[in-house]
Structures are given as C-alpha cells and as structure tokens.
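Structure record follows, encoded as structure tokens.
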Amino acid sequence: MMKFPGSALRLATALCASTCALTLSAAPAALAHPSEDDPATAHFLANEAIMVSAGETRILFDPLFSVSYGYPLVAPEVRAAIMAGTPPYDGVDAVFVSHVHGDHFDAEAVNAYLAAHPDVILVGPWQARLDMQAAAGWDAAFEARIHALPFIASPQDLVLAADGVADAIRVETVHIPHAGGPGRAGIQNMAHRVTLNGAATVMHLGDATPEPAIYDTHSDHFAARTTQHAFPPYWVLGEWGGETTRARLNAQAVTGIHIPINQPDWLDASGEDFFTEAGETRPIPAHSHD
Ligand SMILES: [Zn+2]
Ligand SMILES: [Zn+2]
C-alpha cells in the first residue's frame with residue numbers, strides 16, 4: 001500500500017489551514033425505504049458537498065459555498081438547481097454544515113436557501129448560525145428550523161422528522177477538531193453521523209484532523225453505531241489508509257473528499273476510494289439487521 005508522504009500531508013493541511021484562516025475574520029408520503037432496486041445513494045457535488053438520498057429522504061452536506069481555496073466549486077448550474085430545488089435537488093429535508101470555512105459554507109447563500117425552501121431543516125455548528133445572523137438575508141423565522149449545535153466536546157443527538165415520519169433522520173454529531181493543529185482550534189468542525197429511515201448511516205467529517213488521539217477519546221461514539229459509508233477528508237484517508245480509517249470510524253466503506261484541483265499523485269497510487277469528479281455516486285448498502 002502506498003505510504004502517505006508526510007510532506008504532502010503537511011502541504012495539504014497547511015494549504016487549507018492558511019487559506020481557510022482568511023474567513024475567520026469574516027467572520028407525507030408513505031415512507032419509501034431504500035431497497036435493492038433503489039438503494040441509498042451518495043451523490044458527489046464538489047469538494048465536501050454531497051447529497052445523500054434514501055427513499056424519500058434527502059440530505060445535503062456542505063452544499064453552498066463560494067470560495068475555492070484551490071478546491072473545486074459546485075458547478076454554477078448545479079448550485080442553481082440546488083437553490084431552485086429542481087430535480088434531483090427537490091424534496092431536500094435537511095442541510096448539514098460541517099464548519100464555517102468559505103470552502104464549505106456561505107452564510108448568505110444558506111440564508112437564501114432557507115428562505116426559498118421553508119420546509120428544510122439546517123443542522124450545523126453554533127458558529128454557522130452566528131454567521132447567518134450577521135449575513136444578508138437573515139430572517140429570525142429561520143431560528144425554528146436551525147439546530148445550532150453548541151461548541152462542546154461530547155456527542156450531540158437529534159431526531160428530525162421528514163416526509164411525515166417522526167424519526168426519519170437520526171443525527172449523532174461530535175466535534176472533531178479541524179486539521180492543521182492548534183491554530184485551527186477556534187473553528188467548530190463537526191462530524192455528522194446521520195441515519196436515514198433507519199436503513200442507511202453515513203458520516204461526514206468536515207475538515208477533521210488526522211490526529212488519532214481525538215478519535216480514541218470518542219471511541220464509544222464511533223462504536224455505538226456502524227456507519228455504512230463515511231466521507232473523511234482525503235488527508236485522513238491518505239495518512240491512515242483505508243483499513244485503519246474504517247476501523248477507527250466503525251465504517252464499512254470510506255470515500256475520501258476535499259480533493260484539491262491539483263490532485264496529488266499519491267491518490268491514484270493509494271488504491272483508496274475518493275470522490276474526484278462531480279456527478280460521481282456511491283451506493284450505500286442497507287443495514288443488515290442481524
Ligand atoms: Zn476548513
Ligand atoms: Zn475545507
């Protein structure tokens with residue numbers, strides 16, 4: 001297996017760390033379960049933007065951002081379709097934000113999205129709501145639809161209704177520090193583990209650190225539920241390798257995200273799975289119930 005070059009990791013995290021720092025100052029239909037014919041699916045949009053669909057339930061991770069920092073933006077026509085709610089971006093139930101860096105989150109765009117889609121719930125760090133309140137298009141009426149997660153270490157659980165089902169979306173989120181070391185400690189990066197329709201569990205880690213100690217701290221959280229498909233940033237997958245990543249996250253499959261426009265050579269050689277092209281999908285197998 002390809003060994004991840006440490007210098008490349010430092011370069012990658014330094015790139016995001018230095019560029020991301022720039023944003024700091026800106027500061028009821030019947031439930032259709034996924035089936036073998038229609039499995040839950042992850043759809044890659046760009047950078048760390050993913051849509052996960054499972055039956056009637058659809059969620060978006062980090063879909064609305066406006067700054068590249070060397071990473072691909074969501075294509076303008078895709079962003080327009082998300083904002084307009086045209087297929088396949090119709091019927092979105094919830095939007096998840098990992099953290100407030102500009103390559104993941106645009107507060108004004110999220111405000112506009114919530115205004116245009118009055119049934120959509122937002123789940124994100126407390127810092128996201130602060131930025132939204134300060135951005136154009138804020139409406140106090142959004143408060144009722146925002147789950148702003150406090151900046152605390154312990155895992156936080158939510159149960160969200162969707163499509164007329166009271167517990168269609170189960171959320172188990174934990175703060176995992178941003179990659180880049182103590183200089184990023186002020187950023188509230190959240191790793192969301194989300195179970196759709198009780199059938200498919202996915203995990204989105206934002207810009208999580210590859211430092212193993214924090215994952216050891218939260219080993220009970222990761223052990224508490226098996227994730228069918230996790231989406232760690234590529235530097236985690238590169239540094240740990242697939243086997244260790246799956247074991248540490250208690251995930252059956254992993255696909256790396258946040259791939260730079262200038263893709264590092266080791267990606268292909270590593271043999272690991274990455275979302276590199278917008279429009280790629282991955283099927284998410286249902287839970288086995290035994
Ligand atoms: Zn970041
Ligand atoms: Zn990032």
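Counting starts at 1 for both ligands and their atoms, in listed order. No hydrogens, no waters, no symmetry mates; every other heavy atom, side chains included, goes into these values.
Residue His101: no N/O/S atom is found under 2.8 Å from the Zn ion (ligand 2). Among the atoms of His178, an N, O or S atom falls under 2.8 Å of the Zn ion (ligand 1). For the Zn ion (ligand 2), the N/O/S atoms of His258 include one lying under 2.8 Å.
The OD2 atom of Asp103, the Zn ion (ligand 2) and the OD2 atom of Asp207 define an angle of 160° (nearest 10 degrees).
Between the side chain of Asp273 and the backbone N or O of Gly256, no donor-acceptor pair lies under 3.5 Å.
Residues satisfying the side chain to side chain donor-acceptor pair (under 3.5 Å) criterion with His175, sequence neighbours excluded, are absent altogether. Residues meeting the salt bridge (charged side-chain N to carboxylate O under 4.0 Å, His left out) test with Asp119, sequence neighbours left out: none.
Counted within 6.0 Å of CG on Asn262, heavy atoms from surrounding residues, nucleotides or ligands total 12 or fewer; the atom is thus considered open.
Ring centroids of Phe96 and Phe61 are separated by less than 6.0 Å, placing the two rings close together.
The Zn ion (ligand 2) lies closest to atom NE2 when only the N/O/S atoms of His104 are considered.
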